[in-house]
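To keep things clear, I will list the structure first and then write my remarks on it.
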Amino acid sequence: MLGVSAHVVESMNHVGGQCAELYPDKPIYDIPAIPVCQAQELVDRLMQQIAPFDTPFHLDQQVTELVRQDGGRFMLRTSAGTGFDTGTVVIAAGVGAFEPVRLKVKGAAECEGRSLWYRVTTPDLHAGRDVVVLGGGDSALDWALNLEGRARSVTIVHRRSEFRAAPASVARMQALCDEGRMRQMHGNVTAVFAHDGLLDGIEVTGPDGERERLALEHLLVFFGLSPKLGPIAEWGVALQKNAVVVDTERFQTSVPGIFAIGDVNTYPGKKKLILSGFHEAALAAFAIRQHLYPDEKVRVQYSTTSRVVHERLGVDDPPRGARGKR
């Protein structure tokens with residue numbers, strides 16, 4: 001809305017970060033004016049909101065090289081060979097580029113995407129199947145509970161009897177197990193049994209060393225994610241405990257022209273909330289405009305009444321007398 005164009009580089013092959021990757025169906029209750037929405041719904045709404053600006057997205061690639069030029073501009077290059085000459089850089093990398101922690105058992109990798117998954121994108125894919133869920137955190141229990149009643153059977157396997165998930169989810173899972181509608185096992189997967197990339201069973205070794213073969217059709221693995229700052233750590237910005245240090249006036253890093261917003265940054269009083277990220281992005285946007293056009297005064301224009309903003313959004317002016325700010 002400030003008249004500054006941008007490109008977005010995303011390490012994953014889809015937008016949405018943790019909301020889309022970890023818990024797309026999980027409800028969010030603290031977005032202003034939206035009493036409740038699913039995480040994927042929030043991503044979809046944000047994409048709808050950005051649509052008028054025709055922002056290019058460069059998916060499935062990381063910025064691997066950043067060099068500051070004479071005059072303060074930056075040259076960037078990505079893992080896909082895409083190059084950028086830009087006046088400012090915004091790091092909005094969340095907890096970093098992350099990959100799921102994989103099941104390190106011989107033969108598991110060959111089954112990925114066919115009978116083994118690290119995220120659920122199409123819940124109905126597992127309907128009527130014998131599903132085993134590995135893990136003890138929120139994602140594991142959320143999906144085990146979600147699929148109960150849709151899948152033919154659901155078994156959750158965790159290395160120990162204590163779960164890291166929300167107590168309410170653990171209590172619900174225990175109740176379903178007591179009713180015989182779900183099964184839980186404790187131990188580690190020590191072998192997989194498959195033919196042509198399709199699993200038909202796993203071997204679970206319990207704490208006592210006993211081994212049990214468990215039949216299945218689909219295996220969902222939720223061992224968490226392994227976040228890494230990656231090349232960001234080499235860009236010369238000040239870091240504190242694997243987070244990028246920023247000021248709270250502009251959300252600029254120690255390198256002029258490089259800004260950081262969201263979970264990737266740190267400052268006194270930092271709260272890792274989506275709500276806080278919106279605030280940080282707004283202040284950073286004004287600072288970026290000032291950085292790019294230092295001789296111009298950056299005016300606050302209210303989207304309700306500003307014709308300039310309306311032109312950028314491609315909307316008609318509201319009738320005279322319309323009130324309110326946005």
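As the structure is a prediction and not an experimental result, all values here were calculated from the model.
With hydrogens and angles disregarded, no donor-acceptor distance shorter than 3.5 Å links the side chain of Tyr293 to the backbone of Val298. Judged by distance alone, the side chain of Lys272 and the main-chain N or O of Lys270 form no donor-acceptor pair under 3.5 Å. A distance-only check finds a donor-acceptor pair linking the side chain of Thr64 to the backbone of Arg77 [under 3.5 Å]. The closest donor-acceptor contact from the side chain of Asn242 to the backbone of Leu229 lies at 3.5 Å or more, if one exists at all. A donor-acceptor pair under 3.5 Å is absent between the side-chain atoms of Arg119 and the main chain of Pro100, judged by distance alone. Although no hydrogens or angles enter the test, the distance criterion places no donor-acceptor pair under 3.5 Å between the side chain of Arg129 and the main chain of His218. Between the side chain of Glu280 and the backbone N or O of Gly262, at least one donor-acceptor pair lies under 3.5 Å. When atom types are taken as modelled, the side chain of Gln252 and the backbone of Gly257 share a donor-acceptor pair closer than 3.5 angstrom. In this structure, Asp124 contributes its side chain and Ala127 its backbone to no donor-acceptor pair below 3.5 Å.
Under the 4.5 Å side-chain criterion, counting only non-hydrogen atoms from C-beta, Phe259 is not in contact with Val246. For the pair Thr266/Lys241, no side-chain contact is recorded, criterion being any heavy-atom separation below 4.5 Å from C-beta on. Using a 4.5 Å heavy-atom threshold, the side chains of Ser169 and Asp142 count as touching. The side-chain heavy atoms of Val244 and Trp235, taken from C-beta on, include no pair separated by under 4.5 Å. The shortest side-chain heavy-atom distance between Leu46 and Val15 does not fall under the 4.5 Å cut-off. Considering only heavy atoms from C-beta on, Arg289 comes within 4.5 Å of Glu296 through its side chain. Within the 4.5 Å cutoff, the side chain of Phe222 has heavy atoms near those of the Val120 side chain. The shortest side-chain heavy-atom distance between Val105 and Ile202 does not fall under the 4.5 Å cut-off.
Between His7 and His58, the ring planes lie parallel to each other; the angle is under 30°, not in the 30° to 60° tilted range.
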With side chain to side chain contact (heavy atoms under 4.5 Å, CB included) as the test, would you mind laying out the steps for Val9 and Leu76 before giving the verdict?
CA-CA 11 Å; Val9 178; Leu76 284 73; over 6 Å; no
Just do the side chain to side chain contact (heavy atoms under 4.5 Å, CB included) check on Val89 and Val63 with the steps written out, would you?
CA-CA 11 Å; Val89 176; Val63 175; over 6 Å; no
Go through the steps to decide whether Leu292 and Ile288 satisfy the test side chain to side chain contact (heavy atoms under 4.5 Å, CB included), and finish with yes or no.
CA-CA 6 Å; Leu292 293 173; Ile288 288 167; 3.9 Å; yes
Output, in order, the C-alpha distance, side-chain angles, deciding distance and verdict of side chain to side chain contact (heavy atoms under 4.5 Å, CB included) for Asp200 and Arg213.
CA-CA 10 Å; Asp200 59 27; Arg213 178 164 175 162; 3.4 Å; yes
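Under the 4.0 Å criterion applied to side-chain N and carboxylate O atoms, Arg307 and Glu311 are not assigned as salt-bridge partners.
Summarising the geometry, atom CG belonging to Leu216 is positioned 11.5 Å from atom CZ belonging to Arg152; distances are rounded to the nearest 0.5 Å. Once rounded to the nearest 0.5 Å, the distance linking CG of Leu134 with CG of Leu116 reads 8.0 Å. Remark: Arg172 CZ to Met182 CE distance equals 8.0 Å, nearest 0.5 Å. For the atom pair NE2 of His186 and CD of Glu162, the computed distance is 8.0 Å after rounding to the nearest 0.5 Å. Note: Thr205 OG1 to Arg159 CZ = 15.0 Å, rounded to the nearest 0.5 Å. Atom NE2 of His158 and atom CE of Met185 lie 14.0 Å apart (nearest 0.5 Å).
A cation-pi geometry, defined here as NZ or CZ lying under 6.0 Å from the six-membered ring centre and within 45° of its normal, does not hold between Arg312 and Phe53.
For the 3.5 Å distance criterion, the side chains of Asp44 and Gln40 qualify, holding a donor opposite an acceptor. Of the N and O atoms on the side chains of Thr190 and Glu203, at least one donor lies less than 3.5 Å from an acceptor on the other residue.
Nearest heavy atom pair, residue Ser254 against residue Gly236, reads OG-O, 3.8 Å. Scanning all heavy atoms of the two residues, the minimum distance from Gln301 to Ser306 falls at OE1-OG, 2.8 Å. Closest approach of Ala284 to Phe251, counting heavy atoms only: CB-CB, 4.3 Å. For the pair Phe223 and Arg102, the tightest heavy-atom approach, listed with the atom from each and the gap, is CD1-O, 4.2 Å. Nearest heavy-atom pair, Glu217 versus Ser115, reported as atom, atom and distance to 0.1 Å: O-CB, 3.5 Å. Scanning both residues, Ile232 and Val237, for their nearest heavy atoms gives O-CG2, 4.2 Å.
Clustering ILVMFWY residues whenever any of their side-chain heavy atoms sit less than 4.5 angstrom apart, transitively, puts Trp143 in the very cluster that holds Leu145. Following chains of ILVMFWY side-chain contacts shorter than 4.5 Å, one can reach Phe84 starting from Ile91, so the two form part of one hydrophobic cluster. Linking ILVMFWY side-chain heavy atoms closer than 4.5 Å, directly or via other members, places Val192 and Tyr118 in a single hydrophobic cluster. A single hydrophobic cluster is seen to contain both Val189 and Val132, as judged by linkage of ILVMFWY side chains at heavy-atom distances under 4.5 Å, directly or through other members. Neither Val308 nor Leu313 shares a network with the other; the hydrophobic side chains, linked directly or stepwise wherever heavy atoms of I, L, V, M, F, W or Y lie under 4.5 Å apart, form separate groups for each.
Between Trp117 and the choices Leu220, Thr122, Val221, the side chain to side chain contact (heavy atoms under 4.5 Å, CB included) rule is met once, by Leu220.
Gln48 CD: 12 or fewer foreign heavy atoms inside a 6.0 Å radius.
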